[in-house]
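Below is one structure, written out as structure tokens, with a few remarks after it.
All chains are named by letter (A, B, ...) in the order of the sequence lines, taking the proteins before the strands, and each is independently numbered beginning at 1. Only this structure's heavy atoms are used, side chains among them; waters, hydrogens and symmetry mates stay out.
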Amino acid sequence: MNADHTPPAAIELINLTRRFGRTVAVDDVTLGIPAGTTCGFIGLNGAGNTTTLRMLVGLLAPTAGAIRVAGCPMPAEHQLAKLRIGYVPDRPTVYSWMRVREAVAFCRSLYGPAWNQPRCDEVMKTLRLPPDRRVKHLSKGEGAKLSLLLAIGHDPEVLILDEPTGGFDVLARDEFLEGLLNVTTTQRDTGRARTVLFSSHALGDVQRLADSVAILHQGKLLLHRPLEQFLETTKRIRSVLEESTATVAPPGTVHQRISGREWIVTVKDFSPDQVEFIRSKNHVQRIDVMNVTLDEAFRDYVRGEESPETEAVMS
Amino acid sequence: MKAGIVSLMRKDWRLYRLPVIACAMLGALGYVVSRITYLIDLRRHYNFPFLWDYYLARAAWFGVFVTTIMAAAFGGAAFAAERRERWADFLNLLPPHRAVVALSKLLVAAVSLIVALQLHIAVLWFTGELRGNNWIGYMVIGCAMIMLFGTSWMLSTAISSAAVSASIAILFTVGAAVIVNSLGTTYGWQDDGAAIVFAAVSAITGTVRFVAGTIYYLYRVQP
């Protein structure tokens, strides 16, 4: 993408590192998320996603590197950033004894004029939240919806969600995602671009919502690309070998596995040259190029990082 | 801002509910036990020499003692429970500055403790127990409260258990009292010397710990 056409980054991480003792949870991550876009932040458990998001919202100090969210360097300008950031944690952190309407009133009194009550009422209706129920009696889905409601009540520029749908049933997930789509779309309609960064293990959700995808693995950023481009340029090349011999993988191989005579290579930045390379360097009977889903691409990227050698699948 | 601190104080009042109830119940227990003891003694002795006021005063002193100890519970409950339940994360993302958050907690704790103390002191005054010349005793109580509250307040900014914070604060205060008393005996301090030294040590240590805990809370990143 041409730098001139790149919108300013609403979220910027520069060489961000966080250590816990000897463990490096986040390792030299540099990432920029343009304003008004939605980025899916994906990784295995323990990849460093939650740690990164907690640093972004000022709940954790980085060991090294710099963070800028909605124009505020974090954690130095945390106080100012509070009015520009909304955060939905992995489980509700609202006071459990409060009723839903009390939690809303509590936030409204603390945000003052920045709180958009009409919008909040509207979203509350859309999300079908029971106003008189205590937070501790809410279901998982309702708890996440309340967190979302409280996170967007002050119309933040940046919305950060940390696995908001973890452990949800299908309907609860659908309702939550519809609510999220509703709040992000409405914000775009009003002309103010809201940037959304959300981490999730539900890659179908990411594919449905995200404009770009960032993959974190063992604390390192494997890639950050527009989702469409990522899926267009990541392909699986399936070859049937003439005999089970050693294979020569093409440049750009992310992961490869052999099952009998079937050899599947996942490549990044796909080009027909890679197919030609396979054809010329290996004895193959047949070659097919297959599209991948985000789920498949993610698995192959992560497996490729964990076992760079060819994976032999027992058949 | 005004609405904000009122909301925070209402929230803290709810957070302090457990120590408030404990303080009220233990304080009331003293009066109940005194009344029962009084009635038993009244039946036992034919020429009973004591008035009800005497028993009432003993209950009030017990109430003062309980309130003093409860200062540790109020300090310990300040931050620990919120952090353990992750409510502190939620609060940390809301606009009020941490100084306002801490002020709200301090006000609610101070008001609760002062009201409880005043009730027992009123009983003491009513029974004629308050003597103008016992100022050292009142000073020791006040300074011990500062030590208990300041120590557990500081600990609760760093650990996630109100009970542990309060227990350590009580241990520190009792330890200081024992050490000062031993020093007084060893070096033969006159009259109220040990009490004055204990009050001074408690007031200074408690204040320093309170300030240190507050500064730590204000300047660290984690809630």
- Enumerate by number any residue of residues 203-213 of chain B whose heavy atoms lie under 4.5 Å from heavy atoms of chain A; in the absence of such residues, state 'none'.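 None at all.
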
- Message: Sort by residue number and list every residue of residues 65-88 of chain B having at least one heavy atom under 4.5 Å from chain A.
- Response: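 Checking residues 65-88 of chain B against chain A gives B/E82, B/E85, B/R86, B/W87.
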
Can you say whether [X] sits under 4.5 Å from chain B via the side chain, the backbone, both, or neither, judging by heavy atoms?
{"X": "A/L150", "result": "side chain"}
{"X": "A/R54", "result": "side chain"}
{"X": "A/S96", "result": "both"}
{"X": "A/L83", "result": "side chain"}

- Message: Looking at A/K82 and B/L93, would you say the former's side chain and the latter's main chain have a donor-acceptor pair under 3.5 Å?
- Response: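 A pair under 3.5 Å: no.
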
- Task: Could you tell me whether the side chain of B/K11 and the main chain of A/F106 form a donor-acceptor pair under 3.5 Å?
- Result: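 No; zero donor-acceptor contacts below 3.5 Å.
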
A quick test of your reading: do over 12 heavy atoms of other residues, nucleotides or ligands sit less than 6.0 Å from [atom1] of [X]?
{"X": "B/F172", "atom1": "CZ", "result": "no"}
{"X": "A/R19", "atom1": "CZ", "result": "no"}
{"X": "B/R17", "atom1": "CZ", "result": "no"}
{"X": "B/L183", "atom1": "CG", "result": "yes"}
{"X": "B/W61", "atom1": "CH2", "result": "yes"}
{"X": "A/F20", "atom1": "CZ", "result": "yes"}

Straight-line distance of [X] [atom1] to [Y] [atom2], nearest 0.5 Å:
{"X": "B/Q222", "Y": "A/L60", "atom1": "CD", "atom2": "CG", "value": "5.5 Å"}
{"X": "B/N92", "Y": "A/H78", "atom1": "CG", "atom2": "NE2", "value": "4.5 Å"}
{"X": "A/S109", "Y": "B/I5", "atom1": "OG", "atom2": "CD1", "value": "11.5 Å"}

- Message: Are A/P89 and B/D89 packed together at the side-chain level, in the sense that at least one heavy-atom pair is separated by less than 4.5 angstrom?
- Response: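 They are not in side-chain contact.
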
- Taking the side chain as every heavy atom from C-beta outward, state whether A/L110 and B/L8 have any atom pair closer than 4.5 Å.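 They are in side-chain contact.
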
